Peer 1: 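Okay, here's the structure, questions in a sec.
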Amino acid sequence: MAIEESSRRARALRAAIEPFAGQVYFAPECHAAYERLGFAPAGRLGNVSTPDAAAYFTSRGAALGQVPGTVVAAAFAVFEPGIVTAGVELGWRLTDAATIAEARTAGAIAQLERVLGPQPSGIERVTTLLARAVEPLRPEGRPLFSGVCALGLPDSTIGRAWRLADRLREYRGDSHTAAWITAGYDAAEIGLVGELIRGLPPRSYVRSRGWTNEQLDAAHDRLRARGHLDEDGLTERGARAREAVEIATDHQMHAATAALGDDLDELVSSLDRWNTQLAVGGYPALTDADKRESARIVSYASGMSR
């Protein structure tokens, strides 16, 4: 299959999975449960509520078990490690992995049932397709995917679909980490070039990952020395290198998209209908930059396929 088509399919799946799986991070039901465990109250970002950082690190990291914060930091990869470690260490003083993992699951299901209903039209078919996409995926080198798989499937119909989508989301995330590490980036560097290629203001999104100005200055200098940045921002060389990381990530999703075959478009269409409903307070509304990125296969892919 041509690189352009392989990437188109992988990115279509990513875009469709993201709101349905990622709504867990913006579910008021999750935030209320975390607050009852002793975490700080949720914040607010645009049209959604956002979790306390320690609650986010601990609840998502709980899939790995009762592990030290340094282990969670290694799996999360793009965050400043000290921030993650401190958040998880606080989390383990408040609760345990099994308790907060269950709170996360229950909260995610509760929001989906509140917004979509417990049995949205087509849920059984979507679950079947998601299970087909996950089935051939291997655990090697993918800690968060493996951890979410170990949690098992919830009893509720929509809960099973959500957990399968979460597995796909974490699989791509683990694959992306492998791709940018292989390409020679470190976490602060991939954050800087990532926001620039999406058209975001410099040092906007990457700051949400806990990096200090000093750390970002050093990362900027390293990227400039490699010819990836100049005084105008991302260079052509830098853009091509960053796109190569995304293509490498797409390639690692081939087993999932191949398993779906001609039914990929059906799955995407079904999830997109639900995602429209989730965008009203259940997941951040996509910016124009997000929409461009979801649809974009830049010229580098065409050059690679010739």
Side-chain angles (χ1 to χ4, degrees), residues 2-15 18 22 73-84 141-144 169-254 284 286-306:
I3 289 175
E4 300 102 311
E5 178 63 8
S6 178
S7 283
R8 183 198 70 78
R9 289 170 59 83
R11 295 186 201 189
L13 180 62
R14 176 194 64 184
E18 176 57 31
F76 281 17
V78 294
F79 290 86
E80 198 285 316
I83 297 293
V84 180
R142 295 179 172 88
L144 287 168
R169 184 181 189 273
E170 295 292 22
Y171 187 91
R172 184 176 179 103
D174 288 336
S175 299
H176 188 59
T177 298
W180 58 257
I181 289 174
T182 301
Y185 289 105
D186 65 31
E189 293 167 0
I190 197 66
L192 284 173
V193 297
E195 64 186 6
L196 290 175
I197 205 167
R198 292 175 63 202
L200 300 174
R203 302 197 184 190
S204 55
Y205 185 78
V206 72
R207 290 302 299 270
S208 71
R209 273 41 189 158
W211 301 102
T212 66
N213 283 331
E214 292 75 15
Q215 289 169 319
L216 293 176
D217 286 343
H220 184 278
D221 290 344
R222 293 191 297 272
L223 289 165
R224 186 162 184 151
R226 298 208 299 271
H228 290 207
L229 297 180
D230 61 19
E231 61 274 8
D232 297 320
L234 197 63
T235 64
E236 181 180 352
R237 179 179 181 180
R240 291 168 67 88
R242 176 59 181 81
E243 181 63 11
V245 169
E246 206 64 30
I247 292 171
T249 306
D250 296 336
H251 178 73
Q252 294 177 76
M253 298 303 298
H254 180 71
L286 289 178
T287 65
D288 289 342
D290 293 327
K291 293 173 183 176
R292 288 194 301 270
E293 169 63 14
S294 296
R296 184 178 59 93
I297 305 293
V298 300
S299 60
Y300 179 76
S302 297
M304 289 279 288
S305 68
R306 288 196 287 269

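Hydrogens, waters and symmetry mates play no part in the numbers below; they use all other heavy atoms, side chains included. Quantities reported herein were computed from a predicted structural model and do not represent experimental measurements. By convention here, the first residue in the shown sequence is residue 1.
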Peer 1: Between T235 and G227 (side chain of the first, backbone of the second, donor and acceptor by atom type, cut-off under 3.5 Å), is there such a pair?
Peer 2: yes

Peer 1: Is there a side-chain contact between E189 and H228 (heavy atoms, below 4.5 Å)?
Peer 2: no

Peer 1: Is any side-chain heavy atom of L229 less than 4.5 Å from a side-chain heavy atom of L196?
Peer 2: yes

Peer 1: In Å, rounded to the nearest 0.5 Å, how long is the span from CD1 of I83 to CZ of R209?
Peer 2: 12.5 Å

Peer 1: Please list all pairs passing the salt bridge (charged side-chain N to carboxylate O under 4.0 Å, His left out) test where one or both residues lie in residues 175-187, with sequence neighbours left out.
Peer 2: D186-R222

Peer 1: For a 4.5 angstrom cut-off between non-hydrogen side-chain atoms, does W180 reach V78?
Peer 2: yes

Peer 1: Can you tell me how far the OG atom of S208 sits from the CD atom of E80, to the nearest 0.5 Å?
Peer 2: 13.0 Å

Peer 1: Check P201 against S204 and note the closest heavy-atom contact, atom names and distance.
Peer 2: O-OG, 2.5 Å

Peer 1: Report yes or no: do T249 and R172 form a side-chain donor-acceptor pair below 3.5 Å?
Peer 2: no

Peer 1: With rounding to the nearest 0.5 Å, note down the distance linking CD in E243 to CD in E246.
Peer 2: 6.5 Å

Peer 1: Between A73 and P81, which heavy-atom pair has the shortest distance, and what is it?
Peer 2: CB-O, 3.8 Å

Peer 1: Is there side-chain contact between M253 and R11, with heavy atoms separated by less than 4.5 Å?
Peer 2: no

Peer 1: Got a second to check how far I197's CD1 is from L192's CG, nearest 0.5 Å?
Peer 2: 13.0 Å

Peer 1: If the plane angle is over 60° it's perpendicular, under 30° parallel, otherwise tilted; pick one for H254 and H251.
Peer 2: parallel

Peer 1: Drop me the distance from I247's CD1 to Q252's CD, to the nearest 0.5 angstrom.
Peer 2: 13.0 Å

Peer 1: Write down the atom of V206, the atom of A188, and the distance for their closest heavy-atom approach.
Peer 2: CG2-O, 4.3 Å

Peer 1: Tell me every residue that passes salt bridge (Lys or Arg N to Asp or Glu O under 4.0 Å) with R207, counting only those two or more places apart in sequence or in another chain.
Peer 2: none

Peer 1: I need the minimum non-hydrogen distance between G210 and Q215, along with the two atoms involved.
Peer 2: O-OE1, 4.2 Å

Peer 1: Can you name the residues that form a salt bridge (Lys or Arg N to Asp or Glu O under 4.0 Å) with E195, not counting sequence neighbours?
Peer 2: none

Peer 1: Check whether R14 reaches the backbone of D250 with its side chain - one donor and one acceptor, N or O, closer than 3.5 Å.
Peer 2: no

Peer 1: Check whether Y185 forms a cation-pi arrangement with R242 (NZ or CZ under 6.0 Å from the six-membered ring centre, at most 45° off the ring normal).
Peer 2: no

